[in-house]
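No hydrogens, no waters, no symmetry mates; every other heavy atom, side chains included, goes into these values. Below, chain A is the first sequence line, B the second, and so on; all start at residue 1.
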Number of protein chains: 2
Amino acid sequence: MSQKATPDASRRSETARRAILTAALDLVGKVGYAKLTIEGIATAAGVGKQTIYRWWPSKGSILFDAFLSLTTDEQEGVLPDTGDLAADMKLVLRATVDELREPSYDLPMRALHTEIVHDPALAADYAQRLDEPMRELKRDRLRAAQRAGQVAEDVDLDVAIDLLFGPILNRWLQRTGPLTHEYVDQVVDTALRGLKP
Amino acid sequence: MSQKATPDASRRSETARRAILTAALDLVGKVGYAKLTIEGIATAAGVGKQTIYRWWPSKGSILFDAFLSLTTDEQEGVLPDTGDLAADMKLVLRATVDELREPSYDLPMRALHTEIVHDPALAADYAQRLDEPMRELKRDRLRAAQRAGQVAEDVDLDVAIDLLFGPILNRWLQRTGPLTHEYVDQVVDTALRGLKP
DNA sequence: GCGACGAGACGAGACGTTCCGTCTTGACAG
DNA sequence: CTGTCAAGACGGAACGTCTCGTCTCGTCGC
C-alpha cells in the first residue's frame, strides 16, 4: 500500500533547492509572471521536474519560498526612530516605492501578490511568515510614537498601519496614479495629520 | 497585402456578445478564476471560439467588459450626503465590504483585479472607465464636506480617497484580517479624525 | 420593387503547440 | 538497499489559429 511516498527531507539536496529558488526569481523578473512555467524553472535550474513537484505543491509556493529566502537575509530588525515619526515613515515608504519601481522587484512581487489573492492557504502563510514580522516592527515604531505623544493613545495600531501602507500598495497594484515620493509624503502627512481642519 | 482583417463592428451580433459576457461572469463565479477557460466560456455561451477571439484580446478584457455591462446598469450617480461625512462614508464602505463578502462578487472581482495587476493596458482602461467615474463621485462628496468645513481645504482629495478605500481593498485582497463593519468604522474614524491626539 | 450577389460574422470543431502533473529510467549518494 | 537526483516520455487540457459551411446583411442590375 504505497500511499503518497512522503519525501525524506533529511536527504534533500540543498543545491537543487537553492538553484530552483534563484531560477524562479530570476525567470519571473525576465519573462514575467504569465510566462513563468515549472518546466522553465526546472530547465533554468538544471533540475528535473519531479524534484520541483516533490517539494512544492504550486508555483505560488515556490515564489513564496524564494521571497522568504531573500527577505530573511536582509532583515533589518527595526524601523528607523529619529523621534520624527513623519520623517521616519516617509523614509521607509520612499524606500518601498523605490523598490517597487525596479522591475526586478516589481514583477516577482506582483506575481506573489496574485498567488496570495487567489490562494487562501498561501495568504495565511504569507500573513504569518512575511507580513506579521514586518507588521510587528511597524507596531513597535508606532507604539514609540504613542509614548512620545505623537499618536493618540486610543488609535488601533493595525488600522494606522493599514492607513499608511494600504494607499501606496493599492496605487502600485492598480496603477491609478504615479508612485512618487511626493505622493508618499502626502499620504504620510495626511494620515498623520488627519483630514479635519 | 491583407494585414489583420479588422472586424466590422457594425455587423457584430449583440446576442453573441451578451451571451459571452454573461457566461464569463457566470462561470468565474462557479468554477473560479483559475479554472476559467476561453473554451469553457465559448461552450457555455453556445458560441464559437473564434467569435471570442475576434472581439477580445484576452480573458481579462472579457471580464472587464462583463463588469462594465453590470455596473453601468446600476449606476447610482451620487454618493449619499446627509451632512454627516463619517456616517455617509461608513454607509458606502459597509456596502462595499458586504458585496465583497458574497462569493458571486468576490471571485469575479479578484479575477479582474489580477488581470489589472498584470496588464498595464487593461489597468489604464479600468482606471479610465470604472475607477475614474466612481472617483469623481467620491471627490464630489468630499468637496461638499470641504465646503461644510468638515475637511481641511488643503487636503488632496485623491489622497483622501486612497486613505479611505485603500486599507479596505488591501485587507480584502491579502486577507490580512477580517473585513467587518467594525473595521470599516475604525478606518473611517481614524482617517477622518487623524492620528494626532 | 426584387432577387442574385458578395462581404463578413457566425457556430462548430480540427489542428499543432505548450504546459501541466505523473511516471519511468538509470546514476549515485548515505 | 533505499531514496533523491537529472532527464525526459507520456496523456491530458487549454491555448490560439485555421478552415469549413451557414446565416445575415447591404448593394446593384433588372
Between C1' of D:dC5 and CZ of A:Arg18, the distance in whole Å: 18 Å
Between C1' of D:dT4 and CZ of A:Arg17, the distance in whole Å: 16 Å
Protein-nucleotide distance (A:Ile20, atom CD1; D:dT4, atom C1'), rounded to Å: 12 Å
Minimum-distance nucleotide (side-chain atoms of A:Arg12 versus D:dC5, C:dG11, C:dC20): D:dC5
Pair B:His113 + A:His113: ring centers closer than 6.0 Å: yes
Donor-acceptor side-chain pairing of A:Trp172 and A:Asp106 below 3.5 angstrom: yes
A:Asp8 versus A:Ser10, side-chain donor and acceptor atoms under 3.5 Å: yes
Nucleotide C:dA12, atom C1' - distance to CD1 of B:Ile38 in whole Å: 17 Å
Rounded distance (Å) that lies between atom P of D:dA14 and atom OH of B:Tyr53: 12 Å
Donor on one side chain, acceptor on other, B:Tyr33 and B:Glu115, under 3.5 Å: yes
Any B:Arg11 side-chain nitrogen or oxygen under 4.0 Å from OP1 or OP2 of C:dA7: no
Most 5' of A:Gly46 and A:Glu39 on DNA chain D, judged by nearest nucleotide: A:Gly46
Any N/O donor-acceptor pair, A:Lys49 side-chain to C:dG21 base, under 3.5 Å: yes
Residue mapping more 5' on DNA chain C - nearest nucleotide basis, B:Ala9 or A:Lys35: B:Ala9
B:Gln50 CD - C:dA12 C1' separation (whole Å): 12 Å
Distance test, side-chain N/O of B:Ser13 to OP1/OP2 of C:dA9, below 4.0 Å: no
N/O (side chain, A:Trp55) to phosphate O (OP1/OP2, D:dC5) under 4.0 Å: yes
A:Thr176 and B:Asp131: side chain donor to acceptor below 3.5 Å: no
Which residue lies more 5' along DNA chain C, comparing B:Ala42 with B:Asp8 via nearest heavy atoms: B:Asp8
Nearest-angstrom distance from the residue atom CZ of A:Arg54 to C1' of C:dG21: 14 Å
Atom pair distance, as rounded to whole Å: CD1 in A:Ile52 and C1' in D:dA6: 12 Å
